[in-house]
Structure formats: C-alpha cells, structure tokens
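Before any comments, here is the structure.
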2 protein chains.
Amino acid sequence: MSFQKTAKAISDPTRREILNLLKAGPMTAGDIGEHFKTTGATMSHHLSILKEAELITDERKGKYIYYELNMTVLDEILTWMTSLRG
Amino acid sequence: MSFQKTAKAISDPTRREILNLLKAGPMTAGDIGEHFKTTGATMSHHLSILKEAELITDERKGKYIYYELNMTVLDEILTWMTSLRG
DNA sequence: AATACGTTTAGATAAGCATCTAAATAAGTA
DNA sequence: TACTTATTTAGATGCTTATCTAAACGTATT
C-alpha cells in the first residue's frame with residue numbers, strides 16, 4: 001500500500017508489460033512467462049513484487065495460479081501526479 | 001521523454017520530495033538541498049536524473065542555478081495508468 | 001506411491017544505484 | 001588576480017535488484 005512499492009514496481013519494463021498483459025484478464029504464471037524469454041524463477045520474482053505492491057492478486061485453482069490486475073492502488077499515484085500539476 | 005526514465009525518476013523518495021518542493025516555484029540547488037541531510041553532490045545527482053527525465057528544467061542566473069517543475073512528461077504515465085484501468 | 005507439471009524458494013552473480021569525499025568548474029566579489 | 005560561494009564531476013563504496021541454476025513445494029494423474 002506504499003507509494004514507494006508501487007513506484008518501484010512499475011519502474012521495471014518487464015513488470016509494466018505484465019500489467020499490460022493482465023489488462024485482457026487473469027492469466028497463469030506460465031502463460032505470462034511465455035511472453036518473455038526469462039526463466040520461470042525470474043517471472044515468479046516479478047510477480048511477487050507486483051503482488052507485494054498490491055498491483056495484482058493471485059488465486060490458486062488446482063495446478064495453476066491465476067494472476068489478476070488490481071488497479072485500486074494506482075489511484076495513489078494518480079492523485080500524487082495530479083496534485084503536482086496543480 | 002521515455003516512460004522508463006520517468007518511472008525510475010519518481011521511484012526514489014528523495015526525488016519525489018524534490019518535485020513536491022518545486023510545486024511552490026523555482027528553487028536553487030542549494031535551497032533544495034537544505035531540505036535534506038545529504039551532501040550537495042548527492043543532491044546534484046538527483047537533480048540530474050530528474051532533468052534527464054525532463055521532469056524539471058534548469059536555468060542559470062549568475063551564481064545560482066534555478067530548477068523548475070516541468071510536468072508535461074507526467075501525462076505519459078497518467079495516460080498509461082488510466083488505460084490500465086480500462 | 002510414484003511420477004509429471006506448474007510454480008516458488010534458495011543461493012549465487014553481475015549490473016545498477018544512492019551516497020560519500022575530494023577535486024573541478026563557473027561566476028561573483030574584494 | 002586572488003578568494004569565496006554555488007554547483008557539478010570523478011572515483012570509490014556498499015546496498016539493492018534482475019537474472020540465472022538447482023532444488024523444493026503443491027497439486028493432479030497414473
């Protein structure tokens with residue numbers, strides 16, 4: 001819920017791309033990973049940072065874990081930015 | 001002008017505080033630095049990153065260099081975020 | 001229970017970054 | 001010109017982070 005975590009989370013291009021992918025709807029970690037040429041471990045790391053920042057949520061369904069966008073946190077940044085513009 | 005530079009620039013708390021300070025109007029590097037307990041060198045480093053991201057502009061007036069907010073770049077992030085919310 | 005599949009965790013490595021001190025540049029002042 | 005003040009640049013250091021491989025965990029299937 002901290003601005004710091006949110007800002008750092010979206011400061012990485014891979015993580016921003018993950019968020020863009022999730023716009024289309026929930027996806028499994030594996031499906032997300034297929035869009036990149038990194039290992040599953042690296043993907044898991046990025047997902048955990050996005051989760052820690054509460055930008056995504058996860059839900060296990062049997063073998064798979066589905067990740068989903070949770071945009072409520074972005075309001076914090078939006079507010080900060082618009083206040084900066086006065 | 002890149003999203004990457006903008007996002008990284010605002011991912012540091014000191015730099016966000018600098019931007020908040022500049023909301024009140026242009027300030028010299030020295031005056032900005034007085035609000036923090038870092039050295040002038042560190043402050044200069046942060047200012048150069050904000051400048052590189054085009055979040056601020058600088059103008060020399062005699063001995064002093066004045067820094068000023070330039071919020072036009074934030075539109076890029078605002079657009080990205082609102083598009084994420086659908 | 002044994003094996004396979006999806007995902008995470010542990011540990012290592014290399015690159016990046018914030019910070020410092022010391023030295024350099026730039027501009028005003030005596 | 002010498003000296004002071006404002007700011008940046010150079011180089012070093014320690015912390016953080018993105019990435020990898022290998023191993024562990026969780027769940028389903030045979």
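Proteins get letters first, then strands, A, B, ... in listed order; numbering begins at 1 in each.
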Notebook entry, point to check: Side chains of B:Ile32 and B:Leu22: closer than 4.5 Å at any heavy-atom pair?
Noted result: yes
Next item on the list: Have a look at A:Ala29 and say if it touches a base, only the backbone sugar-phosphate, or nothing, with a 4.0 Å heavy-atom cut-off.
Entry: sugar-phosphate
Note to self: Considering every strand and a 4.0 Å limit on heavy-atom distances, what is the contact class for B:Gly40: base, sugar-phosphate, or nothing?
What the structure shows: base
Checklist line | Presence of A:Thr39 side-chain N/O under 4.0 Å of D:dT19 phosphate oxygens OP1/OP2 | finding: no
Notebook entry, point to check: From C:dC17, D:dT7, D:dT9, pick the nucleotide closest to the side chain of B:Lys8?
Noted result: C:dC17
Note to self: Measure NZ/B:Lys63 against P/C:dG28 and give the value in whole Å, please.
What the structure shows: 9 Å
Check: Between C:dA27, C:dT7, C:dT8, which nucleotide gets closest to the side-chain atoms of A:Ser44?
Finding: C:dT8
Notebook entry, point to check: Considering heavy-atom distances to DNA chain D, does A:Thr42 or A:Gly62 have its closest nucleotide positioned more toward the 5' end?
Noted result: A:Thr42
Margin query: Any non-hydrogen side-chain atom of B:Tyr66 less than 4.5 Å from a side-chain atom of B:Asp58?
Written below: no
Note to self: Please confirm whether the shortest side-chain N or O distance from B:His46 to OP1 or OP2 of C:dC17 is below 4.0 Å.
What the structure shows: no
Notebook entry, point to check: B:Met43 has an atom CE; how far is it from atom P of C:dA18, in whole Å?
Noted result: 12 Å
Item checked: Touch class at under 4.0 angstrom, heavy-atom based, for A:Thr38 against every strand present -> sugar-phosphate
Item checked: Check ion pair B:Arg85-A:Asp75 (N to O, under 4.0 angstrom) -> yes
Next item on the list: Looking at every strand, decide which applies to A:Gly30 at a 4.0 Å heavy-atom threshold: base, sugar-phosphate, or nothing.
Entry: sugar-phosphate
Notebook entry, point to check: Heavy atoms, side chains only, cut-off 4.5 Å: are B:Lys51 and B:His46 in contact?
Noted result: no
Next item on the list: State whether the side chain of B:Arg15 and the backbone N or O of B:Ile10 hold a donor-acceptor pair below 3.5 Å, judged by distance alone.
Entry: no
Notebook entry, point to check: How many Å lie between OH on A:Tyr67 and P on C:dT7, as a whole number?
Noted result: 8 Å
Notebook entry, point to check: Are B:Leu21 and B:Ile65 co-members of a hydrophobic cluster defined by side-chain heavy atoms under 4.5 Å apart?
Noted result: yes
Notebook entry, point to check: Are B:Phe3 and A:Trp80 connected, step by step, through hydrophobic side chains (Ile, Leu, Val, Met, Phe, Trp, Tyr) whose heavy atoms are closer than 4.5 Å?
Noted result: yes
Check: How is B:Ile49 classified with respect to the nucleic acid when contacts are heavy atoms under 4.0 Å: base, sugar-phosphate, or nothing?
Finding: sugar-phosphate
Next item on the list: Please check if the side chain of A:Arg60 supplies one atom and the backbone of A:Gly62 the other of a donor-acceptor pair under 3.5 Å.
Entry: yes
Note to self: Rounded to whole Å, how long is the line connecting atom CG of B:Asp31 with atom P of D:dT5?
What the structure shows: 16 Å
Next item on the list: Establish, with yes or no, whether the OP1 or OP2 oxygen of D:dA6 is under 4.0 angstrom from a side-chain nitrogen or oxygen of B:Arg60.
Entry: no
Item checked: Distance in angstrom units between A:His45 NE2 and D:dA18 C1', rounded -> 6 Å
Margin query: For a quick check of understanding: with a heavy-atom distance under 4.0 Å over all strands, which category does A:Thr28 fall into, base, sugar-phosphate or nothing?
Written below: sugar-phosphate
Notebook entry, point to check: Between A:Ile65 (CD1) and D:dA28 (C1'), how many Å, whole number?
Noted result: 14 Å
Next item on the list: Please state how far atom CG in B:Leu47 lies from atom P in C:dA18, giving the value in whole angstrom units.
Entry: 13 Å
Checklist line | Relative orientation of the end axes in the helix from C:dA1-D:dT30 to C:dA30-D:dT1, expressed as an angle to the nearest 10° (five pairs per end) | finding: 10°
Note to self: Could you tell me how far apart A:Asp12 (CG) and D:dT16 (P) are, to the nearest whole angstrom?
What the structure shows: 18 Å
Item checked: Listed nucleotide nearest any side-chain atom of A:Tyr64, set D:dC20, C:dG6, D:dT7 -> C:dG6
